[in-house]
Amino acid sequence: MYTSLIQDFLERNDYINLIPRAALIDMDGTLYDSMPSHAAAWKQMLSEIGVEIPMSDFFRYEGRTGASTIDLIFQQVYGRHCTDDEARTLYRRKTELFAAMPPVEPMPGAAEMLGFLEQVDIKRVLVTGSGQSSLLNRLNSDFPGAFSMDMRVTGRDVTKGKPSPEPYLKAMEIAGVKPNECIVIENAPLGVESGHASGAFTVGVNTGPIPEDELRAAGADIVFPSMKAFAEALPLLVYGFLTTSRNFN
Ligand code: CA
């Protein structure tokens, strides 16, 4: 199962095999069903300053830092960069609106995925651009024991956020694994781009409104229509990794 897809990945990256020792896992939209609330908070903050942006655009910005999202919108709307002050004020307002939204739920299927990874002794590393403490603080109660404090890369630990590969390269460093010893689990195009650029096998889990093809175009090696579907397929996928090596024919 998944053999030819895995062989294509190995060939493209010039790897002999892929032995998964760590899973590098995004947070918003992957572990938590938080993206609708983020998008709604962005939309409201911007309409307060008279800027109207379609909801689905916020899913495309996902993974960027707050400041770079605001800067991008300023360039599109006003044809100029935002000032540091504008970025700070507007992002503070967005954070405030997000915190006032109804509580975000863990993504259905996420706990099963993490449980399976633990069973087969694959390390779990959190890789998020977020510094949003409201969710980071909940990880231990929602997913007990899944992410030890030294197995987390957050927005505070990197200089360049996604789509740069830096967050995932940093995660490999702290997990002590090479690119062909881990998999990246992401829901958004920019996150997938980051994982792909790090050289890891990148799973796109489509939990939002963006067409699956955008995840493939960003470099996803495989795409699942939901976290539940991915959690169900994960044992077979891991079996595929362990039993497939590069085909040199
Ligand atoms: Ca995400």
Side-chain angles (χ1 to χ4, degrees), residues 23-43 55-69 72 91 94-95 98 101 104-111 113-114 124-136 138-139 142-143 146-147 151-158 160-171 182-198 200-231:
L24 318 180
I25 308 168
D26 167 59
M27 184 172 76
D28 283 291
T30 298
L31 292 174
Y32 285 102
D33 193 9
S34 46
M35 278 313 295
S37 301
H38 278 295
W42 276 111
K43 189 155 176 62
M55 202 67 128
S56 57
D57 280 16
F58 300 109
F59 291 82
R60 296 195 170 87
Y61 301 148
E62 193 197 335
R64 278 180 187 276
T65 62
S68 94
T69 303
L72 192 74
Y91 190 58
K94 184 261 160 179
T95 305
F98 177 76
M101 299 269 165
V104 160
E105 296 295 323
M107 187 65 77
M113 165 191 74
L114 294 170
R124 292 152 298 174
V125 188
L126 182 80
V127 185
T128 176
S130 174
Q132 197 105 30
S133 43
S134 54
L135 278 188
L136 288 167
R138 281 182 44 186
L139 279 169
D142 290 328
F143 306 108
F147 300 100
M151 288 291 150
R152 299 179 182 196
V153 176
T154 73
R156 296 172 209 134
D157 303 313
V158 294
K160 280 177 268 162
K162 302 167 188 178
S164 155
E166 189 191 349
Y168 283 109
L169 293 173
K170 179 99 192 170
C182 57
I183 59 172
V184 163
I185 302 163
E186 265 289 350
N187 75 302
L190 293 177
V192 164
E193 207 179 313
S194 168
H196 178 71
S198 77
F201 186 95
T202 303
V203 177
V205 182
N206 196 22
T207 62
I210 292 180
E212 286 187 9
D213 277 350
E214 287 191 36
L215 296 177
R216 285 197 192 88
D221 295 292
I222 190 168
V223 178
F224 292 93
S226 68
M227 179 51 79
K228 269 189 158 154
F230 172 54

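Atoms within a ligand are numbered from 1 in the order they appear, just like the ligands themselves.
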- [ ] Decide, yes or no, whether a salt bridge links Arg152 with Asp157 under the criterion of side-chain N to carboxylate O below 4.0 Å.
- [x] no
TODO: Fit a plane to each ring of Trp42 and Phe58, take the angle between them on a 0 to 90° scale, and name the class: parallel (under 30°), tilted (30 to 60°) or perpendicular (over 60°).
DONE: parallel
- [ ] Kindly write out the residues that satisfy side chain to side chain donor-acceptor pair (under 3.5 Å) with Asp142, not counting sequence neighbours, or none if the list is empty.
- [x] Tyr32, Arg138
Open item on the list: Under 6.0 Å between ring centres: does that hold for Phe98 and His38?
Closed with: yes
Donor-acceptor pairs are to be reported for all side-chain atoms of residues 203-210 against protein atoms at under 3.5 Å, with residues two or more places apart or in another chain.
| unit_1 | atom_1 | unit_2 | atom_2 | d |
| --- | --- | --- | --- | --- |
| Asn206 | ND2 | Ile210 | O | 3.0 |
| Thr207 | OG1 | Gly29 | O | 2.7 |

Open item on the list: Restricting to under 3.0 Å, identify the protein N, O or S atoms around the Ca ion (ligand 1) as residue plus atom.
Closed with: Asp26 OD2, Asp28 O, Glu62 OE2, Asn187 OD1
Open item on the list: Quick test of your reading: applying side-chain hydrogen bond (donor to acceptor under 3.5 Å, both in side chains), list the pairs with at least one residue in residues 216-226, sequence neighbours left out, ordered by first then second residue.
Closed with: Arg12-Asp221, Glu212-Arg216, Asp213-Arg216
